[in-house]
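Keep in mind that the numbers below use all heavy atoms, side chains included, and drop hydrogens, waters and symmetry copies. Below, chains carry the letters A, B, ... as their sequence lines are ordered, and counting in each starts from 1.
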Protein chains: 2
Amino acid sequence: MGPIRALLSDAELTEQQWRVLRVVQESGDIDPTQISERACLLLPSLTRILQKLDDRGLIERQKDLEDRRRQIIRITPAGEQIIDDNLGASLAVIAQTRAKMGAEKYEALLDLLNELNRSEPSKAD
Amino acid sequence: MGPIRALLSDAELTEQQWRVLRVVQESGDIDPTQISERACLLLPSLTRILQKLDDRGLIERQKDLEDRRRQIIRITPAGEQIIDDNLGASLAVIAQTRAKMGAEKYEALLDLLNELNRSEPSKAD
DNA sequence: AGATAATACTTAACATGTGTAGCAAAAATT
DNA sequence: AATTTTTGCTACACATGTTAAGTATTATCT
């Protein structure tokens, strides 16, 4: 099993839920569209994830009074607690993977993936 | 949408179904476990995919008489036809991606992904 | 102003990823 | 030979990926 998944299963969180929670925590007040961009999730997936995180009280939502289509998402103390409990181990797993592969190769891989991501999505030559 | 997905949607095939079909076509008689290895799919996913391909008559199954836990999977003429109809365009998309990124970078990316794959799965240092 | 289009989601439907459990058959053990 | 373990799948449950459709609200156009 993916080492990150193993970590998070104790907290009853999936990797994507964890990613969303981290984005919300790092960004402060943020709306779903921006979360979806930063977490690389499509909106339908994000909708479901936010519902689950909301049900568990890890985030809270507030309607945007100026544009009532929008919401503002924010992490709760319970959500912060889960971040605190798992961030260290999560970063350690990443560091271990990076070390195992070699820092240079790891960075090269990330660069190439970003390049692929830039060159593929818009097929408009 | 992924260019391969767009291609295959005409044939009502998903990318994974396509991958399985290609593995079966290239390998001749083959059992599900080997398909799952070559197509990088876990068995529960493969089970469902094989059922769908079987329902559509693109593959056929035969019981292994020597080991009755096993099956032998084989592509049908209808399956071959779908390969014939889509292989060229599929290879062209791959070639285009490769060209767009640059052959060297593309190869480097594949190498690094393989390396990551080798170093991660077994966390047994 | 009123019709139209665009935006920000949400819902739905289907396919796959993934962990767990189940089941039959074969292999290994005692 | 009888029991246990392993193997090769299959079934289930839940989460996400993905496309299409729906809804409410805002922006634009005429």
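Note that CH2 of A:Trp18 is 8.5 Å distant from CD of A:Gln25, once rounded to the nearest 0.5 Å. To the nearest 0.5 Å, atom CG of residue B:Asp64 and atom CD1 of residue B:Ile72 are 4.5 Å apart. With rounding to the nearest 0.5 Å, the separation of CG in A:Leu13 from CD1 in A:Ile82 is 5.0 Å. Remark: B:Glu80 CD to B:Thr76 OG1 distance equals 8.0 Å, nearest 0.5 Å.
In terms of modelled atom types and a separation under 3.5 Å, the side chain of B:Thr47 and the main chain of B:Leu43 share a donor-acceptor contact. Of the possible polar contacts, one joining the B:Arg19 side chain to the B:Ala39 backbone as a donor-acceptor pair under 3.5 Å is found. Side-chain atoms of B:Ser90 do not come within 3.5 Å of backbone N or O of B:Asn86 as any donor-acceptor pair.
By the criterion of side-chain heavy atoms lying less than 4.5 angstrom apart, applied directly or through intervening Ile, Leu, Val, Met, Phe, Trp or Tyr residues, B:Leu91 is grouped together with B:Val24 in one hydrophobic cluster.
For DNA chain D, none of the residues of residues 14-22 of chain B falls under the heavy-atom distance limit of 4.0 Å. Residues from residues 37-51 of chain B with heavy atoms under 4.0 angstrom of DNA chain C, sorted by number: B:Leu41, B:Leu42, B:Pro44, B:Ser45, B:Arg48, B:Ile49. Listed by residue number, the members of residues 52-70 of chain B with any heavy atom below 4.0 angstrom from DNA chain D are B:Arg61, B:Arg69, B:Arg70.
For DNA chain D, the outermost nucleotides in 5' to 3' order that have an atom under 4.0 Å from a heavy atom of chain A are D:dA15 to D:dT26.
Dashed line: the shortest gap from a side-chain N or O of A:Gln71 to OP1 or OP2 of C:dT10 is under 4.0 Å.
Among all heavy-atom pairs drawn from B:Leu58 and B:Leu21, the shortest one is O-CD1, 3.9 Å. Across B:Leu46 and B:Ser36, no two heavy atoms sit closer than the pair CD2-N, 3.7 Å. Residue B:Glu12 comes nearest to B:Gln17 through the heavy atom pair O-OE1, 4.0 Å, listed as atom of the first residue, atom of the second, then distance.
A:Arg22 pairs by the salt bridge (Lys or Arg N to Asp or Glu O under 4.0 Å) definition with A:Glu26, not counting sequence neighbours. Partners of A:Asp67 according to the salt bridge (Lys or Arg N to Asp or Glu O under 4.0 Å) rule, which considers only residues two or more places apart in sequence or in another chain, are A:Arg69, A:Arg70.
Regarding A:Leu8, its CG atom lies at a distance of 15 Å from the C1' atom of C:dG19, rounded to whole Å.
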